[in-house]
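Presented below is the structure to which this report refers.
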Amino acid sequence: MSLTRIVAIVVLLGAVGLATEATRPVAAQQTPAPPPPALAQPNAPAPQQQPTQPQAPIITPPIRTTTNLVDVQFAVVDKRQKFVTNLQKENFRVLDDGAAQSIESFSRQTDLPLRIGLLLDTSNSIRERLSFEQDAAFDFLYNVIHRGRDQAFLMTFDDQPEIIQGYTDDLDTLRTAIQRQRAGGGTALYDAIYQACATEMMHPPPPPGSTQEFRRVLVVISDGDDNLSQKSRSEALEMAQRVGVVVYTISTSTEWEKPDDEVNPSTSADRKYHKEGGDLILQGLSDSTGGRAFFPYRVDDLNQSFLDIGDELRSQYSLAYAPLGRLVDGKFHTIKIIVDQKDLSVRARAGYYAAPPTFAEPEP
């Protein structure tokens with residue numbers, strides 16, 4: 001091939017290359033070629049990754065549930081005031097503030113342990129009847145306390161309430177404490193009930209064994225004539241209702257009784273022909289808390305009364321219900337238990353306070 005032909009071919013190939021380059025898109029010309037991958041160097045440290053930012057957790061508000069369950073213990077008696085203990089759930093209806101409720105649970109409470117507060121009036125107004133009170137107090141404990149199961153404490157009140165003996169099941173110890181008391185001073189009855197409920201009755205010693213159920217009972221022996229309390233009667237009653245205390249009262253006033261020959265022996269615990277101020281106060285405290293008031297004439301009349309209290313405390317029913325649509329508003333709400341037999345009557349507390357709920361916050 002001649003030199004002239006070789007030069008012509010080279011010139012022709014260069015022209016074709018320039019034409020091809022001219023037809024490429026401008027964007028392609030401006031995009032640099034990616035750099036070749038770096039070769040791994042021996043013993044080179046691994047590249048560090050940038051830490052990822054943690055996302056804020058989605059917080060779901062805790063679901064809070066409130067079990068507003070109302071528990072009521074009550075007794076049923078016939079026309080002769082004899083306890084009726086063979087009824088079933090179907091025999092009862094419950095009204096809460098007048099509205100019918102569904103009974104969630106029902107049982108017969110035949111032998112719950114007792115936590116008893118004995119409140120003994122030692123004011124000057126009962127000086128002549130102090131011995132009567134002391135005998136009445138011990139007779140009650142002797143008939144009711146079961147050693148190893150029940151416990152009682154002694155509180156006296158005159159100018160102010162005072163704990164004389166803390167919780168114990170030792171009857172000799174209680175009797176000694178009762179017999180040491182002397183009368184004098186004013187009568188702070190409401191303060192005594194308030195303090196007994198707010199302190200001793202709020203957190204009594206638990207019963208032995210696995211069961212944690214027990215009954216809170218106050219037995220008040222007094223003439224009911226309060227003249228020195230800082231707390232009002234309504235405050236004392238409210239505290240008893242909030243803690244769930246049943247109050248039994250025994251009047252030491254011995255005025256205006258019926259003559260013995262007009263008294264039916266079966267009603268000897270209620271001899272009063274007319275009840276004055278102090279007796280009506282004692283009656284109201286008992287009725288409002290589901291207890292009972294007694295008006296004995298002689299110490300001998302107390303025996304049947306105390307036996308009745310002991311039987312009642314261990315011959316009761318218990319039911320529970322959740323009030324429909326009820327807010328835990330801290331207000332007082334009435335309870336009425338109706339039995340389906342006309343010749344029977346129910347003895348129960350008048351109502352309860354719907355305490356505001358307390359929530360346990362979830363752990364972080």
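- Put simply, the side chain of E133 never gets that close to the backbone of R129: no donor and acceptor are under 3.5 Å apart.
- Side-chain contact between I221 and L118 is present, with at least one heavy-atom pair separated by less than 4.5 Å.
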Check the pair F157, L119 against side-chain contact (heavy atoms from CB on, under 4.5 Å), reporting the backbone distance first and the verdict last. CA-CA 7 Å; F157 58 94; L119 273 58; 4.0 Å; yes

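- When atom types are taken as modelled, the side chain of D226 and the backbone of Y190 share a donor-acceptor pair closer than 3.5 angstrom.
- A donor-acceptor contact under 3.5 angstrom links the side chains of D287 and Q283, judged on distance only.
- Counting only N and O atoms by type, the side chains of D121 and S123 include a donor and acceptor under 3.5 Å apart.
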Candidate pair E213 and Q109, rule side-chain contact (heavy atoms from CB on, under 4.5 Å), full reasoning: CA-CA 10 Å; E213 292 187 89; Q109 303 286 3; 3.9 Å; yes

Evaluate side-chain contact (heavy atoms from CB on, under 4.5 Å) for L319 paired with S105, printing each intermediate quantity in order. CA-CA 5 Å; L319 63 78; S105 65; 5.9 Å; no

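- The main-chain N or O of D191 is found under 3.5 Å from a side-chain atom of S229 such that the two form a donor-acceptor pair.
- Within 6.0 Å of CD on E238 lie more than 12 heavy atoms contributed by other residues, nucleotides or ligands.
- Nearest heavy atom pair, residue R182 against residue T122, reads O-CB, 3.7 Å.
- Looking only at atom types and distance, the side chain of S315 has no donor-acceptor partner in the side chain of T85 under 3.5 Å away.
- There is a side-chain donor-acceptor pair under 3.5 Å between Y352 and D96.
- Taking every heavy atom of both residues into account, Q195 and M155 meet most closely at NE2-CE, 3.9 Å.
- Applying the 6.0 Å contact sphere to OH of Y142 captures no more than 12 heavy atoms from other residues, nucleotides or ligands.
- In terms of heavy-atom proximity, F153 sits nearest to A196 at CZ-CB, 4.1 Å.
- The closest side-chain donor-acceptor pair between Q81 and R347 falls under 3.5 angstrom.
- In this structure, L95 and I338 have side chains that are in contact, with non-hydrogen atoms separated by less than 4.5 Å.
- Using a 3.5 Å distance cut-off with no hydrogens or angles, the side chains of T187 and D225 do not pair a donor with an acceptor.
- In this view, D311 satisfies the salt bridge (Lys or Arg N to Asp or Glu O under 4.0 Å) rule with no residue, not counting sequence neighbours.
- With a 6.0 Å cutoff to the six-membered ring centre and a 45° limit on the axis angle, K231 counts as a cation-pi contact of Y194.
- Looking at Q241 and R349, their side chains never bring a donor and an acceptor atom within 3.5 Å of each other.
- Between F106 and Y317, the ring centre distance stays below 6.0 Å.
- No side-chain heavy atom of L174 sits under 4.5 Å from any side-chain heavy atom of D170.
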Set out, in order, the CA-CA distance, both residues' side-chain angles and the distance that settles side-chain hydrogen bond (donor to acceptor under 3.5 Å, both in side chains) for T249 and S286, then state yes or no. CA-CA 6 Å; T249 57; S286 295; 2.9 Å; yes

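- In this structure, Q341 places its CD atom where more than 12 heavy-atom neighbours from other residues, nucleotides or ligands lie under 6.0 Å away.
- With hydrogens and angles left out, the side-chain atoms of T252 and D223 include no donor and acceptor closer than 3.5 Å.
- The backbone N or O of D329 sits nowhere less than 3.5 Å from a side-chain atom of Y353 that would complete a donor-acceptor pair.
- In this structure, D158 contributes its side chain and G185 its backbone to no donor-acceptor pair below 3.5 Å.
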